[in-house]
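Owing to the predicted nature of the structure, the values given are computational and were not obtained by experimental measurement. Residue numbers start from 1 in every chain, and the chains themselves are labelled A, B, ... in the order their sequence lines are given, proteins ahead of strands.
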Protein chains: 2
Amino acid sequence: MSKISGAESHIMEALWTRGPLTAEEIVQTVGPAQEWGEATVKTLINRLLKKKALASERAAGRALYRPIVSREEYVTGESQGLLDRLFGGQIAPLVAHYARHRALSPDEISRLKDLIAELETDDE
Amino acid sequence: MSKISGAESHIMEALWTRGPLTAEEIVQTVGPAQEWGEATVKTLINRLLKKKALASERAAGRALYRPIVSREEYVTGESQGLLDRLFGGQIAPLVAHYARHRALSPDEISRLKDLIAELETDDE
DNA sequence: CCCTAACGGTTACAGCCGTAATTTGACGTG
DNA sequence: CACGTCAAATTACGGCTGTAACCGTTAGGG
């Protein structure tokens with residue numbers, strides 16, 4: 001349960017978005033984008049198996065890999081860590097920082113506003 | 001210019017918040033919190049020197065360490081990567097995710113709202 | 001001035017990460 | 001049934017990270 005590393009996360013993304021895949025399919029999907037050889041992808045799959053982030057089941061002679069860790073869990077872990085470490089666990093400072101460094105499009109702003117409004121009514 | 005690691009970041013935080021410090025002061029500040037011995041802190045300081053994240057100047061016989069990398073730069077690097085990797089570079093999904101997993105206090109919500117309002121008027 | 005204690009820098013070492021080659025094991029074919 | 005083939009797992013290896021001991025140099029007390 002160590003922690004999914006940067007390289008490993010690309011394998012997970014493939015499985016999260018495309019569902020259970022064979023090794024071959026994973027290689028096809030993520031290999032070219034990352035410029036990884038087949039061997040590298042295999043290694044990452046096995047590391048993820050060892051970390052219990054994936055399970056392999058054997059179907060029609062081939063191994064099929066499926067995520068055990070959900071993307072939701074992963075995203076939560078990553079972003080919570082960052083929030084806590086850098087912004088005192090509060091989201092407003094993060095948004096402020098983001099706004100200072102990347103222009104928020106009017107569209108993004110309005111989506112944020114809607115979201116906030118929703119949270120407000122939800123909450124009381 | 002490699003990249004400031006997790007352990008190293010605690011040293012940086014001490015310097016960012018307290019200003020230039022001697023090794024002794026860094027040890028006092030961050031050692032107990034992280035349960036690190038003096039030697040460990042020394043190592044981290046030297047790694048940061050090698051990475052050009054810190055500079056040391058010699059004042060009154062003692063070495064004073066000061067950050068070269070600003071906290072702003074560091075925070076930007078860290079959070080930009082996460083936003084891009086996990087939320088397609090957009091902040092609204094992050095806020096939504098956060099809201100789903102940690103209750104936003106009414107106070108946080110109102111701070112967000114104020115922030116958004118400010119961004120809106122700024123923008124046009 | 002010299003000696004020693006403290007300080008700062010160097011070395012150490014195991015585990016993880018990125019990248020990959022090599023070996024093992026199962027499966028079909030002659 | 002032996003053999004080759006192809007996929008899966010094991011091994012490799014250099015660099016970084018976390019954790020720390022050790023050593024050379026410098027500064028202050030005698």
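Picking from dT10(C), dA8(D), dT10(D) the nucleotide with the shortest atom distance to the side chain of Asn46(B) gives dT10(C). When each of dG18(C), dG8(C), dG9(C) is scored by its nearest atom to the side-chain atoms of Ala7(A), the top-ranked nucleotide is dG18(C).
Put simply, CG on Leu44(B) is 13 Å from C1' on dC16(D), counting in whole angstrom units. Going from atom NZ of Lys3(B) over to atom P of dC16(D) covers 14 Å, rounded to whole Å. For Leu54(B) and dG8(C), the CG to P distance is 13 Å, given to the nearest whole Å. dG18(D) atom C1' lies 17 Å from atom CD of Glu38(B), rounded to whole Å.
Under the 30°/60° scheme for interplanar angles, the aromatic rings of Trp16(A) and Tyr74(A) are found to be tilted.
When the side-chain nitrogen and oxygen atoms of Ser5(B) are compared with OP1 and OP2 of dG18(D), one or more of them lie within a distance under 4.0 Å. Using a 4.0 Å cut-off, some side-chain N or O of Trp36(A) falls inside it from OP1 or OP2 of dT19(C). Contact check, Thr43(A) against dT19(C): no side-chain N or O comes under 4.0 Å of OP1 or OP2. Under 4.0 angstrom from either OP1 or OP2 of dA7(D) there lies no side-chain N or O belonging to Tyr65(A). Phosphate proximity of dC6(D) to Lys42(A): absent, as no side-chain N or O sits under 4.0 Å from OP1 or OP2.
Below the 3.5 angstrom threshold, one finds a donor paired with an acceptor across the side chain of Arg47(B) and the base of dT19(D).
With respect to Lys3(B), the salt bridge (charged side-chain N to carboxylate O under 4.0 Å, His left out) criterion is satisfied by exactly one of Glu78(B), Glu73(B), Glu8(B): Glu78(B). Results of the side chain to side chain contact (heavy atoms under 4.5 Å, CB included) test with Val27(B) over Val41(B), Thr22(B), Leu21(B) single out Val41(B) as the only residue that passes.
Using a 4.0 Å cut-off between a side-chain N of Lys or Arg and a carboxylate O of Asp or Glu, Arg62(A) and Glu24(A) do not qualify as a salt bridge.
Of the two residues near DNA chain C, Thr40(A) and Arg58(A), the one whose nearest nucleotide lies more 5' is Thr40(A).
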